[in-house]
Amino acid sequence: MATPKKGRSASAQSKPGRSLALILIAIAALTGGMFASGHTKPRLGIDLAGGTSITLRAVSEPGQENAINKTNMDTAVEIMERRVNGLGVSESEVQTQGSRNIIVNIPKGTNSEEARDQVGTTAKLYFRPVLQREAAPGEAEPTPSGTSGGSASPSPSGSGKPKESATSGSPSPSASATTQGRAVTDSLKADATPSASGSPKASGSPSPSSTGNAASGALEKQYAALDCSDPKQRATAGKAAKNDQPTVACGQDGKVWSKFLLGPVDVDGTEIKKAQASLNTQGAGGWQVDMTFNSAGTKKFAATTAKLAQQATPQNEFAIVLDDEVVSHPFVQTTISGGNAQISGSFTQEEAKSLANMLSYGALPLTFEEDSVTTVTAALGGEQLEAGLIAGAIGLALVVIYLLVYYRGLSFIAILSLLVSAALTYTIMSLLGPTIGFALNLPAVCGAIVAIGITADSFIVYFERVRDEIREGRSLRPAVERAWPRARRTILVSDFVSFLAAAVLFIVTVGKVQGFAFTLGLTTLLDVVVVFLFTKPLLTLMARRPFFANGHKWSGLDPKSLGAQPPLRRTRRPAVPVDTKEA
């Protein structure tokens, strides 16, 4: 009975061509995806591309320490993102740092003073009556829903009075253009000369002064010329408006931008005591936003809704204006008194919570103080990038020189492995920019430079294991296979420690240090891939070539120069005389 042949197993290691083909296909696919997406370069961070970095620290008023929580910090991030996007800045980043800090990174050398004015102030939330509403040119008239529209109604009382039924949006305007235009003009005149009595219904009899006529005429012209589909016009619409004067604003209904002509502020956002999203279990169901006003806000909101309930659409709507942008414009069906109100419509849960957070945030005593403002010019960022690349090139050159001197022919395999690792790192970083927002900053470049040494260390471990096997008298092909299990174990342990350190550093740190940790962890994982799928299979193929197999003196595997022992040979045991046993 024949015994199975020991030695080389029929595993993936005996077919290195498959592993090489797999990694080459992966490189080709990643490169093709990079060119197909149009992102052929890694996205640069603020320290390399230039720009402004602002660190803000949340400060609460006495007795309101609980105001600084994750929900309100996330809402603050959302509001600040709206502000920096209003500046027309692309690639801006707003993120929390710890539990109290917010980092705002605005690349491309944006004006730091303007950015500080935009993000460093508390959110401004107001309720203004809608005088006129119109979709942006070339877009269909929106049917408000979700966060942009809906109906406002009083909260159900304890007597069990049925609540007004929720609607999915404002009805289409019923008044003609002429009638609506006259109503808007009358409203502007009434707003220009407010009555001293404070009656909710404005009188149309007073004749405004010439200044009021001029102001209303200029505002109507501004409203007619406003194009909310233009980001630049959206960013400046209503910025200089006073609370006691009408203004223009833009708001988004789904994907459609609309322009608004708004009256003076009726209710301030600080007069909202509480706002929360809830599930309406009555009527048509769905999500709604419950609001509770303080005593001053209750009186003002009751007067406002009493006036709006008598108007035709869209003048029965009130606009919720956050940072000069309309975030919602529900219509009023009846006078709302008692200090409690509900905004209902076709809200999703996320939309209801988002609107409730905005309303709550506008009422919270939460302000931000600047901890630091750092401005990096594009020229300085370019110099830092150039210095980082030069440092990386010097480090790579020193590694290559060391490999050539010490390992000679084996350096060919190491250099090819480094090139493969560099190609994978570059393409993945280029694709991660648009995918997850990864930005290559200076610490990330340092992480990539450190990775050169980690990758080269893996090659050296394997090469030294092979040379140890040759020193023991084995030929190259069995030495390559016998050295691999021990080298593989050492490489995995070493890379695991490096990856664990990178993961811990990424979790416990914030800001730019995370870029170093992320790059270090990524390149460590790629080192394992390259060693297993490229370096080992390539060395297996090269071991079959006479230049390496015969131990050429320039191959780096010359048995004589390595001090190899004589080849291992199996010898028969000497024959031992056997004593004859008696029967």
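Remember, predicted model here, so these are calculated numbers, not experimental data.
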side-chain contact (heavy atoms from CB on, under 4.5 Å) between Thr519 and Met429, intermediate numbers included:
CA-CA 9 Å; Thr519 307; Met429 284 185 176; 3.3 Å; yes
Any donor-acceptor pair under 3.5 Å linking the side chain of Glu271 with the backbone of Asp268?
yes
Is the centre of the Phe506 ring less than 6.0 Å from the centre of the Phe516 ring?
no
Evaluate the side-chain contact (heavy atoms from CB on, under 4.5 Å) criterion for residues Gln95 and Val77: first the C-alpha distance (whole Å), next the side-chain angles of each, then the deciding distance (0.1 Å), finally the verdict.
CA-CA 7 Å; Gln95 59 185 357; Val77 168; over 6 Å; no
When rounded to the nearest 0.5 angstrom, what distance separates CG in Asn69 from OG in Ser99?
10.5 Å
Spell out, as yes or no, whether a donor-acceptor pair under 3.5 Å connects the side chain of Thr305 to the backbone of Ile336.
yes
Using every non-hydrogen atom in the two residues, find where Cys250 and Glu325 come nearest and quote the distance to one decimal.
O-CG, 3.3 Å
Honestly, is Lys259 close enough over Tyr223, meaning NZ or CZ under 6.0 Å from the six-membered ring centre and within 45° of the axis?
yes
Out of curiosity, Met291 CE to Ile343 CD1, how far, rounded to the nearest 0.5 Å?
4.0 Å
Spacing of CG belonging to Leu424 relative to CG belonging to Leu522, to within rounding of 0.5 Å:
9.5 Å
According to ring-ring contact (aromatic ring centres under 6.0 Å, His included), who are the partners of Tyr126, at least two apart in sequence or on a separate chain?
none
For the side chain of Arg100 and the backbone of Arg57, is there at least one donor-acceptor N/O pair under 3.5 Å apart?
no
In terms of heavy-atom contacts, Thr523 and Gly447 come closest through OG1-O, 4.4 Å
Pairwise side-chain contact, Ser37 with Leu431, heavy-atom cut-off 4.5 Å (strictly under):
yes
In this structure, CD of Glu369 is separated from CG of Leu56 (nearest 0.5 Å) by 10.0 Å
To check you understand the geometry: which heavy-atom pair defines the closest contact between Pro129 and Pro264, and what is its length?
CD-O, 3.2 Å
In terms of heavy-atom contacts, Leu226 and Ala237 come closest through CD1-CB, 4.1 Å
Counting the benzene-type ring for Trp, do His329 and Phe318 have ring centres under 6.0 Å apart?
no
Do Trp257 and Asp230 have side chains that approach each other closer than 4.5 Å (heavy atoms only, starting at C-beta)?
no
Side chain to side chain, Leu125 and Ile272, heavy atoms closer than 4.5 Å
yes
Show, in sequence, the C-alpha distance, side-chain angles and deciding distance for Thr40 and Phe35, and conclude whether the side-chain contact (heavy atoms from CB on, under 4.5 Å) test is met.
CA-CA 6 Å; Thr40 57; Phe35 282 100; 3.7 Å; yes
Are Gln288 and Asp290 close enough that a side-chain donor and a side-chain acceptor fall under 3.5 Å?
yes
Any heavy-atom pair between the side chains of Arg133 and Thr313 that's under 4.5 Å?
yes
Under 3.5 Å donor-acceptor, Asn294 side chain and Gly297 backbone
yes
Under 4.5 Å between any side-chain heavy atoms of Leu219 and Leu261, yes or no?
yes
What do the steps show when you test Leu308 against Glu317 for side-chain contact (heavy atoms from CB on, under 4.5 Å), and what is the final call?
CA-CA 7 Å; Leu308 295 179; Glu317 301 175 4; over 6 Å; no
Quick one: are Thr247 and Arg128 in side-chain contact, heavy atoms under 4.5 Å?
yes
Examine distances only and state if a side-chain atom of Gln233 and a backbone atom of Asp227 form a donor-acceptor pair shorter than 3.5 Å.
yes
Quick one: does Gln97's side chain get under 4.5 Å of Ile103's, heavy atoms only?
yes
In Å, rounded to the nearest 0.5 Å, how long is the span from CZ of Arg234 to NZ of Lys232?
12.5 Å
Shortest non-hydrogen contact between Ala249 and Asp324, atoms and distance
CB-O, 3.9 Å
Within a strict 4.5 Å, meaning less than it, do heavy atoms of the Tyr426 and Lys41 side chains meet?
yes
Enter the distance from Glu370:CD to Ile54:CD1 here, rounded to the nearest 0.5 Å.
6.5 Å
Under the rule for side chain to side chain contact (heavy atoms under 4.5 Å, CB included), what residues qualify as partners of Ala319, not counting sequence neighbours?
Val130, Leu262, Val321, Val326
Heavy atoms only: give me the nearest Ser258-Cys228 pair and the separation to one decimal.
O-SG, 3.5 Å
